**Q** 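Before I ask anything, let me first share the structure, which is written out below as structure tokens.
The shown structure was predicted, so the numbers you read here are calculated from the model rather than taken from an experiment. Protein chains get the first letters and strands the later ones, always in sequence-line order, with residue 1 at the start of each.
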2 protein chains.
Amino acid sequence: MKLSQEDIRRRFKAQGLKVTPQRVAIYKALAETTEHPTAEDLHLQVTQIHPMISPNTVYYTLSVLKEVGLVQEVNYWHDRARFDANVTPHHHLICLQCRAIQDIHDKTLDRLLRWSGIPSNFQVTGHRVEFHGYCAQCQTADTRRTSLPIPSKAHTKRRNS
Amino acid sequence: MKLSQEDIRRRFKAQGLKVTPQRVAIYKALAETTEHPTAEDLHLQVTQIHPMISPNTVYYTLSVLKEVGLVQEVNYWHDRARFDANVTPHHHLICLQCRAIQDIHDKTLDRLLRWSGIPSNFQVTGHRVEFHGYCAQCQTADTRRTSLPIPSKAHTKRRNS
DNA sequence: TTGCTAAATAGTAATCAATCCTAACAAGGA
DNA sequence: TCCTTGTTAGGATTGATTACTATTTAGCAA
């Protein structure tokens, strides 16, 4: 989406964020692509305007924008590979708090594969439905989060188990 | 699922794999849990039977089992965080070859949120549908893969872009 | 316009999941 | 039993991300 500097400034202000050239450039770059870039992609992109910008700034900025809900992490459970010996197609229920993953087996969901809204030039080999939320154990007010995706801080804490 | 040594031996043989105690233990541990463990989780688990087993062996074994289709990686695009400034709920079309991600906006898919098959003790806050396959550019016979998820080798090659 | 202050930036170092490399080892067939 | 080839384990390496920290700057108030 095309955004003017003023649009961006307004959005940042509305969230109580300082408006810095770097921050604007990062958000602008992300808002103007549909390619779901990585932090590195964005850093490379923004380098063309701010040659001295640090990757660190990109990571920090993204975490801030994520916190206020201006940005989302598309693959929010990207931290580590997780495996399953059940190779039949099935779907998942993911707890945003404790990261537990439950399986769902259901014909209704499987049938989505024949859904007609898929662009005809895309060859589909499979699909997966994820429901996000809170498992029975994690449904207490103080620990609950309100928005997707989970902040990247959780990533850091993962080793506390 | 409960599996005897013989069951596992048969499955390995059927895929032309050597049957080693470590390999059996790893697969057995994965098959007997529904918790979608990480490689580290599995290593810890198997350590109780094979105290000297190397994490390396777990990684290698998982990649082999994945290749022959006995195991799948649940979050197969876990390698790096990817971001989106479009924070409205939407869904994705993911190319297994080039990892491109296209957005899908559709009311039909959004309506799944009210799907009745979700366990009542799970509090759902959102959901996401992913379709996997091959984008127009990647639909050539020599580069196409046949199964999900993509082998971990792709992970290594990602920097060639 | 000028300071003040808290937050942002950038550089360096650290962390850690995952992979690479390689020598020793062992499964399975001859 | 022997041989071959795939497997294992250990050490080193890579690379995304985070931690730490000194410097800079945005935003506010005088």
Side-chain angles (χ1 to χ4, degrees), chain A residues 5 8-9 12-13 15-27 37-44 46-47 49-68 73 75-83 151-161, chain B residues 5 8-9 12-27 37-44 46-47 49-68 73 75-83 150-161:
Chain A
Q5 300 281 119
I8 294 175
R9 168 177 292 272
F12 285 4
K13 289 285 186 187
Q15 300 298 334
L17 300 180
K18 282 193 183 173
V19 181
T20 69
Q22 293 94 331
R23 190 170 274 180
V24 170
I26 292 166
Y27 184 67
T38 64
E40 189 191 355
D41 295 335
L42 287 169
H43 178 250
L44 184 65
V46 173
T47 289
I49 307 171
H50 298 278
M52 297 311 292
I53 195 171
S54 151
N56 216 328
T57 301
V58 177
Y59 282 109
Y60 176 74
T61 299
L62 287 170
S63 82
V64 169
L65 294 178
K66 214 165 60 174
E67 242 165 71
V68 302
E73 211 177 298
N75 54 342
Y76 66 94
W77 55 333
H78 70 91
D79 56 340
R80 301 203 285 178
R82 298 185 63 164
F83 299 89
S152 62
K153 293 295 179 185
H155 185 186
T156 321
K157 294 195 201 115
R158 75 183 171 231
R159 222 154 302 292
N160 291 6
S161 58
Chain B
Q5 299 282 118
I8 294 175
R9 169 178 291 272
F12 285 4
K13 289 284 185 188
Q15 301 298 333
L17 301 180
K18 282 193 185 174
V19 182
T20 69
Q22 293 94 331
R23 192 170 273 181
V24 170
I26 292 165
Y27 184 67
T38 64
E40 189 191 356
D41 294 335
L42 287 169
H43 178 250
L44 184 64
V46 173
T47 289
I49 307 171
H50 298 277
M52 298 309 293
I53 196 170
S54 150
N56 216 329
T57 300
V58 177
Y59 282 111
Y60 176 74
T61 299
L62 287 170
S63 82
V64 170
L65 294 178
K66 214 165 60 172
E67 242 165 71
V68 302
E73 212 177 299
N75 53 341
Y76 65 93
W77 57 333
H78 68 91
D79 56 339
R80 301 202 285 178
R82 298 185 63 163
F83 299 89
I150 57 177
S152 60
K153 293 295 177 186
H155 184 184
T156 321
K157 293 197 201 115
R158 74 184 172 229
R159 222 155 302 291
N160 292 6
S161 58

**Q** I want to check something: taking the side chain as every heavy atom from C-beta on, are A:R23 and A:V64 in contact at a cut-off of under 4.5 Å?
**A**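 A:R23 vs A:V64: side chains touch.
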**Q** Can you tell me if A:Y60 touches the phosphate of C:dA8, counting only side-chain N or O atoms and a distance under 4.0 Å to OP1 or OP2?
**A**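 Affirmative; the distance criterion is met.
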**Q** Report yes if at least one side-chain N or O of B:K13 is closer than 4.0 Å to OP1 or OP2 of C:dG28; otherwise report no.
**A**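 Result: yes.
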**Q** Whole-Å distance between C:dC16 P and B:H43 NE2?
**A**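 Nearest whole value for this atom pair: 16 Å.
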**Q** Within the 4.5 Å heavy-atom criterion, are B:R9 and B:V24 side-chain neighbours or not?
**A**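 Heavy-atom side-chain distance check fails, nothing below 4.5 Å.
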**Q** Report the distance from atom CZ of B:R82 to atom C1' of D:dT17, rounded to the nearest whole Å.
**A**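 Answer to the nearest Å: 17 Å.
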**Q** Separation of B:K66 atom NZ from C:dT19 atom C1', in whole Å?
**A**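 The distance from NZ of B:K66 to C1' of C:dT19 comes to 12 Å, rounded to the nearest Å.
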**Q** Is the phosphate of C:dA26, meaning OP1 or OP2, less than 4.0 Å from a side-chain N or O of B:T20?
**A**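 No, because none of the side-chain N or O atoms of B:T20 sits under 4.0 Å from OP1 or OP2 of C:dA26.
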**Q** Distance check needed: C:dA18 P versus A:H78 NE2, whole Å only.
**A**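 About 12 Å, once rounded to whole Å.
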**Q** Does a side-chain N or O of B:R23 approach OP1 or OP2 of D:dT7 to a distance below 4.0 Å, or not?
**A**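 For D:dT7, OP1 or OP2 has a side-chain N or O of B:R23 closer than 4.0 Å.
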**Q** Output yes when at least one side-chain N/O atom of B:Y59 is less than 4.0 Å from OP1 or OP2 of C:dT19, else no.
**A**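 False: B:Y59 side-chain N/O out of range (4.0 Å or more) of C:dT19 OP1/OP2.
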**Q** May I ask you to evaluate whether A:S54 reaches the phosphate of C:dT9, defined as a side-chain N or O under 4.0 Å from OP1 or OP2?
**A**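 Checking C:dT9 against A:S54, no side-chain N or O comes under 4.0 Å of OP1 or OP2.
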**Q** Can you tell me the distance, in whole Å, between the CG atom of A:L62 and the C1' atom of D:dT18?
**A**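 Atom CG in A:L62 sits about 14 Å away from atom C1' in D:dT18.
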**Q** Select from B:R9 and B:A39 the residue whose nearest nucleotide in DNA chain C is closer to the 5' end of that strand.
**A**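 Its nucleotide being nearer the 5' end, the pick is B:A39.
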**Q** Can you tell me which nucleotide in C:dA6, D:dG6, C:dA10 comes closest to the side chain of A:K18?
**A**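 Within the option list, the nearest is C:dA6.
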**Q** Give the rounded distance in Å between these two atoms: CD of A:E40 and C1' of D:dT14.
**A**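 Taking atom C1' of D:dT14 as the reference, CD of A:E40 is at 13 Å.
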**Q** Would you say C:dT9 has OP1 or OP2 under 4.0 Å from some side-chain N or O of A:T61?
**A**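 Looking at the OP1 and OP2 atoms of C:dT9, one of them is under 4.0 Å from a side-chain N or O of A:T61.
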**Q** With heavy-atom distances below 4.5 Å as the criterion, would you say the side chains of B:L65 and B:L17 are in contact?
**A**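 Touching, per the 4.5 Å side-chain cut-off.
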**Q** Any base atoms under 4.0 Å from B:L17, or only sugar-phosphate, or nothing? Heavy atoms, all strands.
**A**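 Counting heavy atoms under 4.0 Å across all strands, no contact is made by B:L17.
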**Q** Would you say the side-chain atoms of A:T61 pair up with the backbone N or O of A:V58, donor to acceptor, closer than 3.5 Å?
**A**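 Checked: no pair found.
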**Q** Nearest whole Å is fine: how far is D:dA9 C1' from B:H50 NE2?
**A**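 Spelled out: NE2 on B:H50 to C1' on D:dA9 is 14 Å.
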**Q** Closest-nucleotide mapping onto DNA chain D: is B:A81 or B:I53 further toward the 5' terminus? I mean the 5' end.
**A**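 Its nearest nucleotide lies further toward 5', so the answer is B:I53.
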**Q** Which is it for A:H78 and B:R82 under the side chain to side chain contact (heavy atoms under 4.5 Å, CB included) test, yes or no, and what are the steps along the way?
**A** CA-CA 9 Å; A:H78 70 91; B:R82 298 185 63 163; over 6 Å; no
**Q** At 4.0 Å (heavy atoms only), tell me whether A:V64 reaches a base, stays on the sugar-phosphate, or touches nothing.
**A**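 Nothing: the residue A:V64, judged by heavy atoms under 4.0 Å, touches no strand.
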**Q** Within this structure, what is the CZ-to-P distance between B:R80 and D:dT18, rounded to whole angstrom?
**A**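 So the CZ-P distance, B:R80 to D:dT18, works out to 13 Å.
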**Q** I'd like to know if B:N56 reaches the base of D:dG11 with its side chain such that a donor and an acceptor end up less than 3.5 angstrom apart.
**A**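 Yes, the side chain and the base share a sub-3.5 Å donor-acceptor pair.
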**Q** Considering just the side-chain nitrogens and oxygens of B:Q22, establish if one lies under 4.0 Å of OP1 or OP2 belonging to C:dA26.
**A**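 The answer is no; no side-chain N or O of B:Q22 sits under 4.0 Å from OP1 or OP2.
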**Q** Side-chain contact test, heavy atoms from C-beta onward, threshold under 4.5 Å: evaluate it for B:I26 versus B:I53 and give yes or no.
**A**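 Contact flag for B:I26/B:I53 side chains = yes.
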